[in-house]
Engineer: 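I have a structure I would like to understand better, so I am pasting it below and will then ask my questions one at a time.
Predicted model, so just to flag it, every value in this text is computed and none were measured. Keep in mind that the numbers below use all heavy atoms, side chains included, and drop hydrogens, waters and symmetry copies.
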Amino acid sequence: MADNTKDQQEESTIEKLNSNLTSASEKIAKNQKTIYITLIAFVAIAAAVLCYVFLISRPKVERAFEAYNQVEINSVGNDSVVAAEYKKVADNHSGNAAKLAALSAAEAYYNMGKYEEAIKYLDKFSSSEPVLDANAMVLKGDCYVNIKKYDDALGCYNKAISKAGENIQIVPRVLLKEANIYDAQKKYDEALKCYEKISKEYPEFEPGNGITIKAYAEREKARLGK
């Protein structure tokens, strides 16, 4: 009787072990299945990305630059024709080539006196290169000056200064533009601040019209009764 009880206990223990092993095996199998599914999904995503890069994205980029370069090569100096051709590239393509085309179109429109069209295409432009981005913002400010939207122009010039950092070719030139706007608005104290900043931080800068920055500053002081 005792042997039977012992045999039953052993069988019960073995059944439990078998049950646990079976359960563990099922879990491992399920985990393996999940891992396989995850790996397959990862491979599928990687393949899709590679296909996009090599079959779609790269050819699109190449076509965009090819279109841009064709305008560069065939440009004949006629701003109207140049603007129209760059406009096509900017409107029909994407990426850096389209952005550069937008900037070139804006420059052509500016030269034609079509300042609002120039602004439209400058809005399509951006660059991670600070000097290029700053100069584009200066051009946008110049467009606003020409349509007498002085506050918008000042906003653009301030952004240009921020983007340019301490660039000695850009910042003093933009400060001079700001001073001219403040003069037009009869804000002589603000104009004086611009001239004094140029004089202090960029002493080598000269406007190039025979008048020194110091002379401009003295003029503003006279207007302010200083």
Side-chain angles (χ1 to χ4, degrees), residues 65 68 71-72 75 77 79 82-83 86-87 89-90 95-221:
F65 272 106
Y68 177 81
V71 180
E72 289 281 286
S75 175
D79 286 320
V82 170
Y86 279 125
K87 178 180 181 295
V89 179
N96 289 334
K99 291 177 182 178
L100 289 172
L103 178 59
S104 297
E107 290 172 344
Y109 280 126
Y110 180 87
N111 292 335
M112 294 164 63
K114 294 186 176 182
Y115 305 116
E116 292 183 352
E117 280 295 307
I119 291 168
K120 177 182 174 181
Y121 280 89
L122 285 167
D123 285 338
K124 292 175 177 282
F125 175 79
S126 64
S127 173
S128 59
E129 209 293 308
V131 172
L132 185 58
D133 211 19
N135 277 316
M137 196 57 66
V138 172
L139 181 60
K140 191 175 181 181
D142 291 347
C143 289
Y144 279 122
V145 168
N146 279 283
I147 57 177
K148 293 182 170 52
K149 291 187 175 182
Y150 297 131
D151 288 337
D152 288 330
L154 287 170
C156 290
Y157 291 151
N158 285 330
K159 288 179 182 178
I161 289 172
S162 177
K163 291 174 184 293
E166 297 180 356
N167 187 290
I168 60 173
Q169 302 298 324
I170 297 174
V171 178
R173 176 167 57 91
V174 177
L175 286 169
L176 190 60
K177 288 175 180 286
E178 287 188 346
N180 289 333
I181 291 176
Y182 288 130
D183 271 334
Q185 295 177 326
K186 301 188 185 305
K187 296 179 179 179
Y188 305 124
D189 54 337
E190 294 296 330
L192 178 59
K193 288 177 185 177
C194 292
Y195 294 130
E196 287 179 339
K197 185 177 179 67
I198 296 171
S199 182
K200 180 181 178 181
E201 298 181 16
Y202 305 92
E204 302 301 318
F205 176 78
E206 292 294 339
N209 56 2
I211 304 175
T212 65
I213 293 299
K214 184 178 178 180
Y216 278 122
E218 291 301 321
R219 182 189 66 184
E220 302 307 318
K221 287 179 182 179

Engineer: Is the closest basic N to carboxylate O distance between Glu196 and Lys193 below 4.0 Å?
Structural biologist: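 Looking at Lys193 together with Glu196, the answer is no, because their closest N to O distance does not fall below 4.0 Å.
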Engineer: For Leu154, is there any backbone N or O sitting under 3.5 Å from a side-chain donor or acceptor partner on Asn158?
Structural biologist: yes
Engineer: Where is the tightest heavy-atom contact between Val82 and Ala108, given as atom of each residue plus distance?
Structural biologist: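 Where Val82 meets Ala108 most closely, the heavy atoms are CG1-CB, 4.2 Å.
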Engineer: Glu204 versus Ile168: any side-chain heavy-atom pair under 4.5 Å?
Structural biologist: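 No, side chains not in contact.
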Engineer: Taking all heavy atoms of Ala83 and all of Ala105, pick out the closest pair and write down the distance.
Structural biologist: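 Scanning both residues completely, I find the closest heavy atoms to be O-CB, 4.1 Å.
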Engineer: Strictly below 4.0 Å, N to O, side chains only: are Arg219 and Asp183 in salt-bridge contact?
Structural biologist: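 Asp183 and Arg219: salt-bridged.
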Engineer: Taking only residues two or more places apart in sequence or in another chain, which ones pass salt bridge (charged side-chain N to carboxylate O under 4.0 Å, His left out) with Lys187?
Structural biologist: none
Engineer: Between Tyr109 and Tyr121, is any pair of side-chain heavy atoms under 4.5 Å apart?
Structural biologist: yes
Engineer: Could you state the interatomic distance from CD (Glu116) to OH (Tyr144), rounded to the nearest 0.5 Å?
Structural biologist: 9.0 Å
Engineer: Do Cys143 and Leu122 come within less than 4.5 Å of each other through their side chains, counting heavy atoms only?
Structural biologist: yes
Engineer: Report the residues that fulfil side chain to side chain donor-acceptor pair (under 3.5 Å) with Lys159, sequence neighbours left out, ordered by chain and then residue number.
Structural biologist: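 By the side chain to side chain donor-acceptor pair (under 3.5 Å) rule, Lys159 matches no residue at all.
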Engineer: I'd like to know if the side chain of Glu206 and the backbone of Gly208 have a donor-acceptor N/O pair within less than 3.5 Å.
Structural biologist: no
Engineer: Are the side chains of Ser126 and Lys99 in contact, using a 4.5 Å heavy-atom criterion?
Structural biologist: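 Yes, side chains in contact.
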Engineer: Minimum heavy-atom separation for Pro130 to Lys163, with atom names?
Structural biologist: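 Smallest heavy-atom distance, with atoms named: CB-O, 3.5 Å.
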Engineer: Would you check if Pro207 and Ile213 make a side-chain contact, meaning some heavy-atom pair closer than 4.5 Å?
Structural biologist: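 A side-chain contact under 4.5 Å exists here.
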Engineer: Can you confirm whether Lys221 sits close enough to Leu192 that some side-chain heavy atom of one is under 4.5 Å from a side-chain heavy atom of the other?
Structural biologist: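 With C-beta onward as the side chain, the pair touches.
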Engineer: Before giving the answer on side chain to side chain contact (heavy atoms under 4.5 Å, CB included), spell out for Asp133 and Phe125 the whole-Å C-alpha distance, their side-chain angles and the decisive distance to 0.1 Å.
Structural biologist: CA-CA 8 Å; Asp133 211 19; Phe125 175 79; 3.9 Å; yes
Engineer: Walk me through it: do Lys140 and Ile119 pass the test side chain to side chain contact (heavy atoms under 4.5 Å, CB included)?
Structural biologist: CA-CA 6 Å; Lys140 191 175 181 181; Ile119 291 168; 4.1 Å; yes
Engineer: Below 4.5 Å, heavy atoms only, C-beta onward: do Glu166 and Tyr202 meet side chain to side chain?
Structural biologist: yes
Engineer: Are the aromatic ring centres of Tyr182 and Tyr188 under 6.0 angstrom apart?
Structural biologist: no
Engineer: Begin from the C-alpha positions of Lys124 and Leu103 and carry the test side chain to side chain contact (heavy atoms under 4.5 Å, CB included) through to its verdict.
Structural biologist: CA-CA 8 Å; Lys124 292 175 177 282; Leu103 178 59; over 6 Å; no
Engineer: Are Val145 and Tyr157 side-chain neighbours, meaning at least one heavy-atom pair lies under 4.5 Å?
Structural biologist: yes
Engineer: When the side chains of residues 172-180 are checked against the rest of the protein, which donor-acceptor pairs come out under 3.5 Å, sequence neighbours left out?
Structural biologist:
| unit_1 | atom_1 | unit_2 | atom_2 | d |
| --- | --- | --- | --- | --- |
| Arg173 | NH2 | Asn135 | OD1 | 3.1 |
| Lys177 | NZ | Asp142 | OD1 | 3.1 |
| Lys177 | NZ | Asp142 | OD2 | 3.3 |
| Asn180 | ND2 | Leu176 | O | 3.3 |

Engineer: Is the side chain of Ser199 donor-acceptor paired with the backbone N or O of Tyr195 at a distance under 3.5 Å, no angle test?
Structural biologist: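 No, the answer is negative, given that no donor and acceptor are paired below the 3.5 Å cut-off.
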Engineer: Rounded to the nearest 0.5 Å, how far apart are OG of Ser128 and CG of Asn96?
Structural biologist: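 Going from the OG atom of Ser128 to the CG atom of Asn96 covers 7.5 Å.
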Engineer: Would you give the length of the straight line joining atom OH of Tyr115 to atom CG of Asn146, rounded to the nearest 0.5 angstrom?
Structural biologist: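 Reported to 0.5 Å precision, the distance equals 3.5 Å.
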